[in-house]
Every structure is written in C-alpha cells, then in structure tokens.
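Structure record follows, encoded as structure tokens.
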2 protein chains.
Amino acid sequence: MTQLERSHLAIVRAVDQYGSLTAAAERLNLTQSALSHAVRKLEDQLGVALWTRESRRLRPTQAGEYLLSVANRLLPQLTHAEARLRQFAQGERGTLRIGIECHPCYAWLLKVVAPYLAAWPDVDVDVKQEFQFGGIGALFAHEIDLLVTPDPLYETGLRFEPVLDYEQVLVVGPQHPLRAAPFVQPEQLARETLITYPIAIDRLDIYTQFLLPAGIRPKRHKPIETTDIMLQMVASGRGVAALPRWLVEEYAPKLELTAVRLGTQGVTKQIFVGIRAADAQTAYLRAFVELGREHRN
Amino acid sequence: MTQLERSHLAIVRAVDQYGSLTAAAERLNLTQSALSHAVRKLEDQLGVALWTRESRRLRPTQAGEYLLSVANRLLPQLTHAEARLRQFAQGERGTLRIGIECHPCYAWLLKVVAPYLAAWPDVDVDVKQEFQFGGIGALFAHEIDLLVTPDPLYETGLRFEPVLDYEQVLVVGPQHPLRAAPFVQPEQLARETLITYPIAIDRLDIYTQFLLPAGIRPKRHKPIETTDIMLQMVASGRGVAALPRWLVEEYAPKLELTAVRLGTQGVTKQIFVGIRAADAQTAYLRAFVELGREHRN
DNA sequence: GATATGGATGAATACAGCTCATGGATAGCT
DNA sequence: AGCTATCCATGAGCTGTATTCATCCATATC
C-alpha cells in the first residue's frame with residue numbers, strides 16, 4: 001500500500017547524516033515543517049516508528065537502521081543511473097569505474113589506462129581501492145564496473161579473464177649478498193627485513209606461498225604504502241621486498257635493483273579483470289578488457 | 001537535476017512488460033494520457049529518448065534498455081524493503097529467503113527447516129533455486145538472505161560456515177554386481193547407466209572428482225529431476241547414481257539400496273551456508289545458521 | 001475506405017506536499 | 001530558577017505537479 005519513494009530514502013539518509021530534522025531539511029532544500037510532516041506520514045503509513053524521540057534528539061529504531069541501510073545501498077545506484085542516462089544523452093559516453101584489489105594491479109592498471117584514455121576520449125575512468133564488501137561485492141553492488149584482482153570467481157554472472165601472468169620475485173639492493181644468487185630459499189630470509197605493502201599477511205603472496213609453508217618469518221616486517229618508496233628503501237639496503245618481475249625491471253634504469261627468484265620454481269601469479277556478464281556487450285567496457293589482454297605480453 | 005523516481009522505474013518496467021503505454025497504464029492504475037505525459041516529461045528532463053516510436057509500437061532505445069535493467073534490479077529491492085518494514089511493524093517477524101545451489105542441499109534443507117519453523121513461528125521461509133547471477137550474486141543483490149551451497153567464498157563481506165560434511169557414494173540396486181564391493185573404480189562404471197540430476201557435467205562431483213580424472217565416461221547418462229524417482233530407478237536396476245551417503249541411508253528402509261565408496265579414498269564433500277556480513281546480527285538468520293550447525297552430526 | 005488500436009496534446013482539476021505561523025519541550029547558560 | 005536557543009510537532013492554507021477528460025492524429029487491419 002505504502003510506496004517507498006526515493007524521497008523517503010533521501011530523508012532517512014539525510015537525517016542520519018546531519019543528525020537532526022532541521023539540519024537535514026536545510027540540506028534537502030525543505031523547511032523543517034515539511035520534513036516533520038513527511039516523516040510522520042511515512043511512519044504512519046508504514047506503521048513503524050523509524051526514530052525514537054528522546055527529548056529533542058532522534059535516535060533511529062531498528063526499523064530506521066534497516067531503512068537507512070537500504071537507502072545507503074540504493075541511493076548511490078539511483079544517482080549513478082541518472083549520471084549514466086545523462087551520458088547517453090551526450091552521445092556514447094560513459095564512466096568506467098574500476099576497482100583494484102592488489103598493489104601490483106595498480107602499477108599494471110596505470111600502464112593500460114593511458115592508451116585506453118587515448119582510445120576512448122569520451123569515457124572517464126574512476127579508480128576505487130576500498131570496498132566494504134570486497135571487490136566482488138562491489139561489482140555485484142554496481143559500485144564498480146570492472147575489477148582488477150588476483151582472485152577471480154567463476155560461474156556467477158561475472159566474467160573474469162586473465163590479463164597478466166607474471167613472476168613474483170625478491171628484490172634486493174646493490175650491496176645485498178643475495179644479489180648474485182640464482183634463487184633464494186625461505187631460510188635465507190630469516191635474518192632479513194621484509195618490506196611489504198601494508199596489508200594482512202594472509203594476503204601477501206610472499207608469506208602464503210613462500211615463507212609460511214616453510215615455517216619461516218623474517219627478522220623484521222616493515223609496511224610501506226608506495227612502491228616508489230619501497231624500492232628506494234630496498235636500493236639503499238634497508239631491506240628486501242617481493243614484487244612482480246616486470247615491475248622491478250621497470251625501475252631498473254633508475255635504481256640499482258636485482259630480482260631473485262623465490263625458490264627453485266619461482267612464484268607465479270596472475271592478474272584478472274572481471275566484469276558483470278550483463279555488461280559484456282558494453283563497448284567501452286569490452287574495449288578495456290581487450291586492451292588489457294593485449295598488454296599481456 | 002532530474003530525480004529518477006520510483007514511479008519512473010515502475011513505468012519503464014510496466015511498459016516493457018505489457019508492451020504498450022495503454023496496457024501499462026491500466027496496470028499502473030493510470031490513464032493512458034497520464035502515462036504519456038509522464039513519459040514525455042521524463043524523456044525531456046533526461047534529454048534522452050527511452051523509446052523510439054515506430055508507427056504505433058514502442059521499442060526501447062539503448063538508454064531505455066539500460067533504465068529497464070536498473071528498474072528490474074532496484075524495484076524488487078524496494079518492494080522487499082517495504083515488506084520487511086511491514087514485518088517490523090508486526091513485531092519481530094521476518095522472511096528468511098534461502099537460496100540453494102545443489103540438489104543434496106535441498107534434502108538437507110528440508111531436515112533443518114522443520115525444526116526452524118517450529119522454533120520461529122513468526123518467520124516465513126522462502127526457498128529459491130534459480131539465480132540469474134548465481135547464488136553468490138543473489139546474496140549480494142539481496143534476492144536471498146541465506147545461501148546453501150557446496151562452494152563457499154571467503155573474505156568479501158559474506159560469511160560462510162560449513163554445516164555438513166558428507167561422503168558422496170555410488171548407489172546401486174539389490175541386483176547389482178557392485179553391491180558387495182568395498183569400493184568402485186572409475187573403469188567399473190564404463191558400462192553402466194549413470195543417473196544424475198539434470199545439471200551440467202562440470203558441476204557433478206561424480207564427473208569432476210571421479211570419472212573425468214580417469215578419463216572414463218559411463219555408457220549412458222540419464223538426467224532425472226527428483227531424488228525419489230532417481231532412487232526408484234536405481235532400485236529397479238535401471239542404472240546407478242551418486243548421492244550423499246546419509247541420503248541413501250535415509251531411503252534404505254523403503255528401498256533396497258546399497259552405498260558403495262567411490263575409489264579407495266571416497267569422495268568427500270561439504271555443504272556451507274553463507275549470509276551477508278551485515279546480517280550477521282539478525283536474530284532469525286543467525287538462528288538458522290546455528291540450527292544448521294547443530295544438524296551437522 | 002471504414003474501423004480499431006495506440007499514442008500525443010492542451011486545458012481543466014484535484015490532491016499531495018509544501019510553507020507559514022505557532023506552540024510545546026528540553027538542554028544549556030547565567 | 002529563569003532565560004534563551006534549539007529542535008520537533010501541528011494545523012490551516014496555499015501551490016504546483018500529476019492526473020483526468022476530451023479530442024486529435026497516425027497506422028495497421030480488414
């Protein structure tokens with residue numbers, strides 16, 4: 001009977017965000033009275049209180065919290081749909097919302113984005129790196145349109161495709177004793193300082209695929225945000241790091257770095273790009289995947 | 001500038017569904033004129049045609065198709081939110097929307113649902129078995145609240161938990177030569193008729209984990225929809241099937257069936273239930289997971 | 001050509017939602 | 001305690017938007 005309207009979602013969200021009806025009303029370009037009326041009507045029609053009036057403060061009830069979560073989920077999708085429609089209005093434009101879930105993915109992405117932007121001047125590219133529900137969740141929730149990740153998920157209405165195979169190697173500086181070694185064994189890192197990106201150990205390949213199986217931990221573990229600084233540190237002998245071989249080779253002209261194989265077999269990795277199956281026909285998305293595949297080398 | 005309203009989504013969807021403005025108008029309890037005005041205004045404000053008028057038929061444009069996909073995605077979520085709020089209004093009721101992705105899951109589910117319904121008289125249970133984007137996608141899209149599946153997905157805002165470990169066995173009838181065998185080798189099925197549920201071979205464990213690794217295919221492969229009929233067929237000697245051991249044992253009193261281990265090691269499987277992390281606190285959902293865990297046996 | 005069907009349009013109208021004006025409650029301050 | 005500022009509630013009245021009504025136009029069908 002009651003139709004939950006967009007305005008209702010907007011109200012719930014604004015009240016939560018600004019803390020009071022008065023403040024929310026201002027943001028929504030309404031009078032406080034209008035909001036009060038609207039809220040009352042909504043609650044009447046639903047038959048649930050969405051807020052409890054504690055003196056002069058509004059505290060959301062359980063139902064209010066629920067409706068808020070719905071609003072936070074759906075409103076962004078509505079605004080994005082509007083934006084997308086406006087892009088249709090301006091000819092075939094688009095926004096490619098890319099999510100990335102691993103640091104080497106970012107370096108790879110940078111290389112692909114440049115030619116993509118050149119080929120698709122009318123498409124904007126947006127990159128997001130933080131997801132409440134993980135990259136896969138962001139794809140499903142339409143927060144992003146394309147995911148770059150080392151962990152694909154098959155058969156679910158998503159399409160994943162490998163775009164890059166690479167070898168994860170140990171990077172050492174010019175003074176380092178391992179410099180000339182053909183490969184490194186886990187034990188040889190027991191007395192080293194290991195520099196990594198600041199993410200959980202169970203998401204770092206050097207741990208999961210190399211150190212932990214051998215039961216080894218490095219002497220010290222230092223997290224660093226950016227690749228550049230990380231490699232500067234390595235070059236100056238402050239520690240060693242694990243990175244893709246191609247990434248190390250790119251820095252080789254600038255910094256004196258050596259890549260050493262991890263174990264006798266080496267640690268190999270893949271990067272994938274995933275899109276929603278429903279988007280598989282969208283030209284500017286498709287094009288990115290194909291461009292990525294060409295960059296496989 | 002233009003606010004995309006719920007009514008707009010409803011219009012787009014109704015027009016698609018009923019094929020004409022006139023028919024859609026009737027369904028929406030509006031006059032044809034009202035719809036025509038509304039459509040015109042929407043298109044004006046968006047600056048895009050949503051339909052091309054071909055003589056007297058409306059064909060959606062690309063933008064129209066897009067908006068339709070948005071509508072089909074968001075409208076169900078809105079209506080479900082309304083339903084959920086109405087449930088809040090009636091005290092702590094709820095609807096538990098369960099999705100299942102495997103046939104043995106269904107048999108297991110039946111066993112758990114009965115005590116659950118008894119313990120939560122105010123909660124309705126809904127079971128869905130078909131998902132456009134797979135079970136995981138349905139969870140993310142809020143089509144279901146709980147997924148029963150053999151394939152969990154960790155770290156993405158979803159919580160999976162194993163609820164049942166079981167052994168997948170070969171079921172044979174009372175006349176069958178394998179009846180007394182301690183286990184069966186893949187080659188021994190080369191001259192058999194294999195009865196399975198009607199799903200793709202790469203989702204059938206007996207193929208992926210037993211036959212295909214050995215390069216064997218059964219003489220005949222017969223798909224059957226229901227477990228009961230399947231086991232009737234097996235009991236009457238028309239073929240063999242692969243099912244969970246516990247399921248076979250349940251039918252043992254009624255039908256003369258024998259379970260034979262697949263290979264020397266046996267094929268072991270797990271069933272998991274998954275929920276959205278955001279729902280982990282919802283009492284009636286939590287209760288189901290816990291009830292499921294107790295039924296592990 | 002006659003008829004049926006479906007969409008468009010302009011003017012009239014009805015009603016939902018807004019504003020205005022005001023009142024009550026409470027927290028914070030002096 | 002009193003004073004004041006802040007916030008929400010309420011009713012009456014207004015306004016604008018969405019709807020209807022009446023009508024017209026286009027085209028497919030027979």
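Excluded from the calculations below are hydrogen atoms, water molecules and symmetry mates; all remaining heavy atoms, backbone and side chain alike, are included.
- Rounded to a whole Å, the CZ atom of A:R27 is 16 Å from the P atom of D:dC7.
- Side-chain nitrogen and oxygen atoms of B:R53 include at least one within less than 4.0 Å of the OP1 or OP2 phosphate oxygen of C:dA8.
- Annotation: side chain of B:W51 is in contact with side chain of B:V15 (closest heavy-atom distance under 4.5 Å).
- Between the side chain of A:S20 and the base of D:dT6 there is no donor-acceptor pair of N/O atoms closer than 3.5 Å.
- Between B:L35 atom CG and D:dT20 atom C1' there is a gap of 13 Å when expressed in whole angstrom units.
- Between the side chains of A:Y197 and A:T226, no donor-acceptor pair of N or O atoms lies under 3.5 Å.
- Regarding contacts with the backbone of C:dG7, every side-chain N or O of B:S36 stays at 4.0 angstrom or more from both OP1 and OP2.
- The closest side-chain heavy-atom distance from A:R286 to A:Q281 is below 4.5 Å.
- If you measure from atom NZ of A:K41 to atom P of D:dA9, you get 17 Å, rounded to the nearest angstrom.
- Contact between the side-chain N/O atoms of A:T22 and the OP1/OP2 oxygens of D:dC8 is found at a separation under 4.0 Å.
- Applying the 3.5 Å distance criterion, the base of C:dG10 shares a donor-acceptor pair with the side chain of B:H37.
- Panel note: side chain B:Y116, backbone B:Y284; a donor-acceptor pair is recorded below 3.5 Å.
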